[in-house]
Amino acid sequence: MLRTIFSLAAMLWLGTAAANQGVAFVHGTGQQTNAYADYWQAPFVDNVRAGLPNPANFVVINCNFEKYWWDAAAAGCLATQLTNFINARGITQLTLITHSNGGNVVRWILSNPTWDARYPNIINRVRKVIALAPSSTGTPLANAVMNGNVFEQSLGWLLGYKSDAVRQQQVDWMSFYNANWLRGTSGRPALPKPFWSVVGTDVVSAIWNPDAYCGGYTLNVGLEITQAWLDSCSDGFLNCSSQQAAGTLWFRDTQRLGKILSHNQSRRACFGLDTTLRGNL
Amino acid sequence: MSRKALYLLLASLLSAAPVCAHETVALPRPGVSDQIPTALVRAPARSLEGVENQEVQFAWRLDATQPLTQAQPYRSESLESWELVSAEVLARGHRLRITVPGAIVRLSPADAARAPIDPLSVLVVKDGRSYANGSGMSSVLGADEVASGVAPFPDGSSAFRLASNLGVGEFELRAETSGATLVHVYEPGSDVRLGLSAERMSYLSGETLRLDVDLQNAGRAMTASSWTANVLAPDGRRWPLSITRAADGGYEAQWTVAEAASTPGLFEVEVQARADLDRSSLLRNAKTSFAVALPTARFAGGIRNMPVRMVGPVYLFEVDVEVATRSRYQLEGSLYGTDPKSGRMVPVATAQTAAVLETGTTPVTLLFGPDVLEGANVMAPWELRDLRLMDQPSLSVIERRELAYVIAGEIVLPPPDR
């Protein structure tokens, strides 16, 4: 009962105080120590946060999303950094911008508010989540990586990623977690806050096409093989169906930008994506 | 909700007390999809270090236009195979029965410390002709490219696509390696599929896992010449699994679910089928997953709708939970109301409560307050549905009740104390 009272009190305070908007950038699978420079890159972050009334109200998250979402190093770390940001800057309305599996870590927090006493306070301050290419139902590529790693006991984890995050994004694993521990997909209770997905629908790998270069050319090469595991509509890593499975579809890349966004490009200042996000803050 | 209403609500909450203890009713008769422990397990006391120790409650409004449905277990449809091939076999020639042009082959050294295999060093043999230096391949992905991150394959893997103009049939791959290699073949568009699904997504220890297995070629059932199957726990334990003929002509398997694992993660089943196709041996592998829970707590059977004095609509449920092993348990449920226009039950709100529960029987509350019910535009009857008892440290779904409580009448605020 006490926590409920505290939650209601927080809502009351938030309703009476002047809104102080902030934005948090939540990376995808991987362990980040300088996601500002390495994962998102400065042009993207700086252009997006310029859309805030106070552009200094931003945080770029650095956590270990190689772990299962609920791990202290994953959602626990995210909760710590968001709480510190909220408290330090007095944030009352928070927009979370996520990429790939980062959307799942955020969905973990939104779906399981009783897991951690800090979660309700974070949830109450979230205005919306903008999920760029979220891995909401996983990807067949995660299954492709893991297949064969469990059949022979002697192999154990030698062959595959020793990454819980990759295991978790297998489509059959995601089916279980979406049905039992995550909200927001079809047939499940909705998330407590808006979760808007931005979907990348294709990938350009032709070396003569300048669009292939945004976000780094080398990161777009070799996709012809991985595309074989995916539907005709995919960003090179995730099917469109996975990207828009949770929450609400905000837009597909060509609908708003007139260009396609590969999985790598959807976290970079490509084709006006950053400008579109800035205008939405 | 206006600020004034919020102030009044806070005031009333701080002074609220149940007018009277409402009658305890039994949980309704179980539905066919309910998961109910028949006996509890007193497991060794587990450390709750790092686990939240405060009671936390939270509720939020749902979209009445979005129906809630029960998810079905995932069905795997495999167009691929994987097997460990010794260095001797790979040197002599490893045979593959390919059913679609342009199949993708991925090679991964079993020893991660070993040098990766250069695809251009692999000899592709078809119909007696040898294709060297990549001439039998249409796309090549070397280990260096994989390491640079262009494909999410493990470091040390390499891959190539068989040249489409070589068609289908029996291929042979030859390569010189210093150890075993995992040969993974993926055939997008193949008619040969290995289907695999579990009967349910979640099981309690001691229950029987039932699997449906079928091997088909263009929709027609195939007979497998041999099966190999295993169940693997997330902590590394494994058990062999027997695949047998099912009454419908397909295949099936059963397994008595072992104890839940001590490490988080799902159990997995991996099945390999060998079948004869046009006088050559074809391989298909499939994998699926399921959860195992240890029944360390359960609903004791009683539930109450507690009247609470508030300035707006509220439902406060007390659910009795019997606990055999101290842990942090999560109770959640969704409240449905009746849409006045259609007369249909629609989802209104969902609530969760989590707390560390000691052994014994404890009431746990689910609160649907004015913040989630005000303005919902629904009326009686109301139902509490999808009531779940979960163990947070082990991420287990222990008990699930499709229907937990029915409220026939409207919310009646008890009169204020005089």
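First the proteins, then the strands, lettered A, B, ... as listed; each starts at 1.
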(request) Only pairs at least two apart or in different chains count here, so list each salt bridge (charged side-chain N to carboxylate O under 4.0 Å, His left out) that has a residue in residues 65-78 of chain B. (result) B:Arg75-B:Glu77, B:Arg75-B:Asp212, B:Arg75-B:Asp214

(message) Would you say NZ of A:Lys67 has more than 12 non-hydrogen atoms from neighbouring residues, nucleotides or ligands within 6.0 angstrom?
(response) no

(request) Identify which part of B:Leu395 has an atom lying under 4.5 Å from any heavy atom of chain A, answering side chain, backbone, both or neither. (result) both

(message) Using side-chain heavy atoms (C-beta onward) and a distance below 4.5 Å, is B:Trp60 in contact with A:Lys193?
(response) no

(request) Against chain A, label B:Pro188 side chain, backbone, both or neither, depending on which of its atoms sit under 4.5 Å from a heavy atom there. (result) side chain

(request) Using non-hydrogen atoms and a 4.5 Å limit, figure out which bit of B:Arg400 sits close to chain A: side chain, backbone, both or neither. (result) neither

(message) Let me confirm one number: the CG-OH distance from A:Asn143 to B:Tyr186, rounded to the nearest 0.5 Å.
(response) 10.5 Å

(message) Please classify the contact between B:Phe290 and chain A as side chain, backbone, both or neither, with a heavy-atom cut-off of under 4.5 Å.
(response) neither

(message) For B:Ile104 versus A:Ala228, what's the shortest heavy-atom pair and its separation?
(response) CD1-CB, 3.1 Å

(message) Let's go through A:Trp70 and B:Gln392 carefully: what are the C-alpha distance in whole Å and the side-chain angles of both, what is the deciding distance for side chain to side chain donor-acceptor pair (under 3.5 Å) to 0.1 Å, and is it a yes or a no?
(response) CA-CA 10 Å; A:Trp70 52 80; B:Gln392 287 189 343; over 6 Å; no

(request) Answer yes or no: is there a side-chain heavy-atom contact under 4.5 Å between B:Glu332 and A:Thr114? (result) no

(request) May I ask you to test the B:Gln330-A:Trp181 pair for a side-chain heavy-atom distance under 4.5 Å? (result) yes

(message) I'd like to check the side-chain hydrogen bond (donor to acceptor under 3.5 Å, both in side chains) partners of A:Asn180; sequence neighbours left out, ordered by chain and number.
(response) B:Arg388

(message) For a quick check under 3.5 Å, do B:Ser289 and A:Asp172 share a side-chain donor-acceptor pair by atom type?
(response) yes

(message) Taking every non-hydrogen pair under 4.5 Å, which of B:Pro347, B:Ser81, B:Gly265 racks up the most with chain A?
(response) B:Gly265

(message) Using heavy-atom distances under 4.5 Å, tell me whether A:Gln170 contacts chain B through its side chain, its backbone, both, or neither.
(response) side chain

(request) Would you give the length of the straight line joining atom CG of B:Asp386 to atom CZ of A:Arg188, rounded to the nearest 0.5 angstrom? (result) 7.0 Å

(message) What's the separation between atom CG in B:Leu266 and atom CZ in A:Arg167, rounded to the nearest 0.5 Å?
(response) 8.5 Å

(message) With rounding to the nearest 0.5 angstrom, report the OH to CG distance, B:Tyr74 to A:Asn178.
(response) 12.5 Å

(message) Between B:Ser197 and chain A, with a heavy-atom cut-off of 4.5 Å, which part of the residue counts as in contact: side chain, backbone, both or neither?
(response) neither

(message) Counting only non-hydrogen atoms closer than 4.5 Å, does A:Ser111 touch chain B with its backbone (N, CA, C, O), its side chain (CB onward), both, or neither?
(response) backbone

(request) May I ask you to name which of A:Pro113, A:Ser175, A:Ala179 has the most heavy-atom pairs under 4.5 Å with chain B? (result) A:Pro113

(message) Between A:Leu110 and chain B, with a heavy-atom cut-off of 4.5 Å, which part of the residue counts as in contact: side chain, backbone, both or neither?
(response) backbone

(request) Name the option with the most non-hydrogen atom pairs under 4.5 Å to chain B; the candidates are A:Trp115, A:Tyr119, A:Phe176. (result) A:Trp115

(message) Shorter than 4.5 Å, heavy atoms on both sides: which option in A:Ala144, A:Gly76, A:Ala72 has the most such pairs with chain B?
(response) A:Ala144

(request) Heavy-atom distances under 4.5 Å only: say whether A:Ile123 touches chain B with side chain, backbone, both or neither. (result) side chain

(message) Testing the basics here: between B:Leu62 and A:Ala190, what is the closest heavy-atom pair and its distance to 0.1 Å?
(response) CD2-N, 3.6 Å

(message) Distance check, rounded to the nearest 0.5 Å: B:Leu182 atom CG versus A:Asn147 atom CG?
(response) 9.0 Å

